[in-house]
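This structure is a prediction, so every number in the text was calculated from the model and none was measured. Values below: all heavy atoms of this structure, side chains included; hydrogens, waters and symmetry mates excluded. Index from 1, following the sequence.
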Amino acid sequence: MLSRQALLRPARVVNTQARTYAAAAAAASSKVKPPVTLFGLDGTYATALYTAAVKTNALEPTAKSISGLGNLLAKDPKLASILETPTLSPADKSAIVAELQKSVGVSNETVKNFLATLAENNRLGLLPSVVSKFSELMSAARGEVEMVVTSAQPLDNKTLNRLESAVAKSAYVGSGKKLKVTNKVNADIIGGLVVEIGERTIDLSVSSKIAKMNKLLSEAL
């Protein structure tokens, strides 16, 4: 876990890296077409990172580093709060970038420049959502279809594998596509499952059945 003291150690300013990344991203965007169109400021940064990585032939190393940053953010909830702090000085932001790179083992210049750009533009707070949007781009580029299975309790690998096998053979997944399965836990659904595949949602949760029953009962009264 990263401490605030470690993150705010003095470090060098990152303006040069940011300018390098911005120039590479601008040049790449005119020649590289992302697999999907993303919206919002976080989508803009994710797309710029993707195009710069393609331009520098570093897409897979970039994806690996960004995935590492995502795992780091997931393990340390306080980190996102630190990134969103509005009073960070240039030295603070440079220290944060250096610590992030060290913690994840980032050696990829594209990712280094990307982090430097976020720091210089006071957008480090966007990092969690940019990581998520970049994951969407990589899934699309790899021909993956995301399947999110929400359950009241964590599902074991055997159950997830059975679900993946069943859905992979269905019409929900296009020809040549690969499923990317994620299990989310939400105790509010009480039991059963909520399966999201791309834009489709299959709600088999107990909470949904109770809501439908309550609606029927209220209409009957």
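Side-chain N or O atoms of Ser151 include one that pairs as donor or acceptor with a backbone N or O of Gln153 at under 3.5 Å. Using a distance-only test at 3.5 Å, with no hydrogens or angles considered, a donor-acceptor pair links the side chain of Asp92 to the main chain of Ser89. Side-chain atoms of Thr47 never come within 3.5 Å of backbone atoms of Thr44 as a donor-acceptor pair (strictly under, hydrogens ignored). Looking only at distances, no side-chain donor or acceptor of Asp76 sits under 3.5 Å from a matching main-chain atom of Leu72. The closest donor-acceptor contact from the side chain of Lys133 to the backbone of Phe39 lies under 3.5 Å. Judged by distance alone, the side chain of Ser132 and the main-chain N or O of Pro128 form no donor-acceptor pair under 3.5 Å. A donor-acceptor pair is defined here as one N or O able to donate and one able to accept, closer than 3.5 Å; such a pair exists between the side chain of Asp156 and the backbone of Lys158. Under a 3.5 Å cut-off, the side chain of Ser208 and the backbone N or O of Ser205 do not form any donor-acceptor pair. Side chain of Thr56 to main chain of Ala53: a donor-acceptor pair is present (N/O by atom type, distance under 3.5 Å, no hydrogens or angles). The backbone N or O of Val194 sits nowhere less than 3.5 Å from a side-chain atom of Asp203 that would complete a donor-acceptor pair.
The structure places OG of Ser103 at 8.5 Å from CG of Leu79, a figure rounded to the nearest 0.5 Å. Note: Lys209 NZ to Ile190 CD1 = 11.5 Å, rounded to the nearest 0.5 Å. Here the straight-line distance linking atom CZ of Phe134 with atom CG of Leu49 works out to 4.5 Å at 0.5 Å rounding. Leu100 contributes atom CG, which lies 13.0 Å from atom NZ of Lys112 (distance to the nearest 0.5 angstrom).
Between Ile66 and Val130, the closest side-chain pair of non-hydrogen atoms is not below 4.5 Å. For the pair Val195/Val148, no side-chain contact is recorded, criterion being any heavy-atom separation below 4.5 Å from C-beta on. Leu193 is not listed as a side-chain neighbour of Thr150, based on a closest heavy-atom distance of 4.5 Å or more. Proximity of Val149 to Met147: side-chain heavy atoms (C-beta onward) are separated by under 4.5 Å at one or more points.
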Practice item. Report the C-alpha distance between Glu60 and Arg142 in whole Å, list the side-chain angles of each, state the deciding distance to 0.1 Å, and finish with yes or no for salt bridge (charged side-chain N to carboxylate O under 4.0 Å, His left out). Key: CA-CA 11 Å; Glu60 288 303 326; Arg142 293 166 176 162; 2.9 Å; yes
Check your understanding: Hey, mind stepping through Asn122 and Lys93 against side-chain contact (heavy atoms from CB on, under 4.5 Å) and telling me if it holds?
Key -> CA-CA 8 Å; Asn122 297 318; Lys93 288 180 284 189; 2.3 Å; yes
Check your understanding: For Thr117 and Tyr45, what are the C-alpha separation, side-chain angles and deciding distance, and is it a side-chain contact (heavy atoms from CB on, under 4.5 Å)?
Key -> CA-CA 9 Å; Thr117 300; Tyr45 276 103; 4.2 Å; yes
**Study point:** Stepwise side-chain contact (heavy atoms from CB on, under 4.5 Å) check, Leu88 with Ile96
**Key:** CA-CA 10 Å; Leu88 294 174; Ile96 288 173; 3.6 Å; yes
Exercise for review: Any chance you could lay out the side-chain hydrogen bond (donor to acceptor under 3.5 Å, both in side chains) test for Asn108 and Lys64, step after step, and finish with the verdict?
Suggested key: CA-CA 10 Å; Asn108 185 323; Lys64 182 178 180 181; over 6 Å; no
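Closest approach of Leu137 and Ala46 over heavy atoms only: CD1-O, 3.5 Å. When all heavy atoms of Ser65 and Val111 are compared, the closest pair comes out as CB-CG2, 3.8 Å. Taking each heavy atom of Pro34 and Tyr50 in turn, the nearest pair found is CA-CE2, 4.0 Å. Closest heavy-atom contact between Lys180 and Ser135: NZ-OG, 3.1 Å.
Transitive grouping of hydrophobic side chains (ILVMFWY, heavy atoms separated by less than 4.5 Å) keeps Val185 and Leu160 in distinct clusters. Connection of Leu38 to Leu118 is established within a shared hydrophobic cluster, with ILVMFWY side chains joined at heavy-atom distances below 4.5 Å, either directly or through further cluster members. The hydrophobic cluster containing Leu155 does not contain Ile189, counting ILVMFWY residues as joined when their side-chain heavy atoms lie under 4.5 angstrom apart, directly or transitively. Clustering ILVMFWY residues whenever any of their side-chain heavy atoms sit less than 4.5 angstrom apart, transitively, puts Leu204 in the very cluster that holds Leu179. When hydrophobic clusters are built by joining Ile, Leu, Val, Met, Phe, Trp and Tyr residues whose side-chain heavy atoms come closer than 4.5 Å, directly or via intermediates, Leu69 is grouped together with Leu41.
Applying side chain to side chain contact (heavy atoms under 4.5 Å, CB included) to Thr110 and the options Thr62, Leu115, Asn57, Leu59 leaves one that passes, Thr62. Of the residues listed (Thr182, Val181, Ile197), the one engaging Glu146 in a side chain to side chain contact (heavy atoms under 4.5 Å, CB included) is Thr182, and it is the only one.
Looking at residues two or more places apart in sequence or on another chain, you find no side chain to side chain donor-acceptor pair (under 3.5 Å) involving Ser67.
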